[in-house]
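Structure first, then comments.
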Amino acid sequence: LTVARLWFGIPFLGSYWELGLFCAAYMLSSLGIGILISTVAKTLQQALFITWFFLLFFMLLSGFFLPVENMPGWVQIITRANPVRYFMFVLRSILLKGSGFMDLWREGVSMLAIGAVVYLLRATVVGLYTPNPAVAAVTLPLLAWVLLFHVADAAQMLAASVLRAW
């Protein structure tokens, strides 16, 4: 942020605390993906290749190079599982617009939901997952968020793209 401010003259209009909060949500989801990859991979080379493969697509589908709105409908649906997409939106909104938590809470919940799903998937792959009421009380609302918000939105986008194609 210091380089962006001093070298490029980009103003920082938001709150550092809110940016830190969203950075923590992004780190949880990204670390979950990394831990899942390291759990599945058998060797170091395999883990590096899988990480490079996912990192390449995460960056290309994040909206960093091309706005997500300009991507085809089916690609926009795939980007819903990309935590980098939400973090890029949050970073731009806080940095350039001065958006607050009330404007960006959906993106934060989405990053946390991706992290919860990945951590549960990792625990299931390893065989560590045993139903725990405390864990279910935290993760089930996040999973319900993913299902209700993202699946409904993805179905709407897919229907709109099919109608446009006709």
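We number each residue from 1, following the sequence as shown.
Ile10 and Val3 fall within the same hydrophobic cluster, defined by Ile, Leu, Val, Met, Phe, Trp and Tyr side-chain heavy atoms under 4.5 Å apart, directly or through other members. Clustering ILVMFWY residues whenever any of their side-chain heavy atoms sit less than 4.5 angstrom apart, transitively, puts Leu44 in a cluster other than the one holding Trp52. No chain of hydrophobic side-chain contacts below 4.5 Å, direct or via other Ile, Leu, Val, Met, Phe, Trp or Tyr residues, connects Leu91 to Leu6. In terms of hydrophobic clustering, with Ile, Leu, Val, Met, Phe, Trp and Tyr side chains grouped at heavy-atom distances under 4.5 Å, Leu96 and Leu13 are assigned to different clusters. Residues Leu48 and Leu55 do not share a hydrophobic cluster, clusters being chains of Ile/Leu/Val/Met/Phe/Trp/Tyr side chains in contact below 4.5 Å.
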TODO: Might you work through the side chain to side chain contact (heavy atoms under 4.5 Å, CB included) test for Tyr86 and Leu104, ending with a clear yes or no?
DONE: CA-CA 9 Å; Tyr86 300 108; Leu104 302 170; over 6 Å; no
Task: Stepwise side chain to side chain contact (heavy atoms under 4.5 Å, CB included) test for Trp7 and Thr2 - done: CA-CA 8 Å; Trp7 188 271; Thr2 304; over 6 Å; no
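Going from atom OG of Ser110 over to atom CZ of Arg80 covers 7.5 Å, rounded to the nearest 0.5 Å. Rounded to the nearest 0.5 Å, atoms CG (Leu19) and CH2 (Trp17) are 11.5 Å apart. A distance of 12.0 Å separates CG of Leu112 from CH2 of Trp105, quoted to the nearest 0.5 Å. Separating the OG1 atom in Thr79 from the CE atom in Met88 is a distance of 13.0 Å, to the nearest 0.5 Å.
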Side-chain donor-acceptor contacts of residues 56-65 below 3.5 Å, not counting sequence neighbours, with atom names and distances?
{"unit_1": "Ser62", "atom_1": "OG", "unit_2": "Met59", "atom_2": "O", "d": "2.9"}
{"unit_1": "Ser62", "atom_1": "OG", "unit_2": "Phe64", "atom_2": "N", "d": "3.2"}

Contacts table for residues 27-35: side-chain donor-acceptor under 3.5 angstrom, sequence neighbours left out:
{"unit_1": "Ser29", "atom_1": "OG", "unit_2": "Tyr26", "atom_2": "O", "d": "2.9"}
{"unit_1": "Ser30", "atom_1": "OG", "unit_2": "Tyr26", "atom_2": "O", "d": "3.1"}

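A donor-acceptor pair is defined here as one N or O able to donate and one able to accept, closer than 3.5 Å; such a pair exists between the side chain of Gln76 and the backbone of Met71.
The local environment of CZ in Arg5 is sparse, with at most 12 non-hydrogen atoms from other residues, nucleotides or ligands closer than 6.0 Å.
Taking every heavy atom of both residues into account, Pro83 and Ile114 meet most closely at N-CD1, 4.0 Å.
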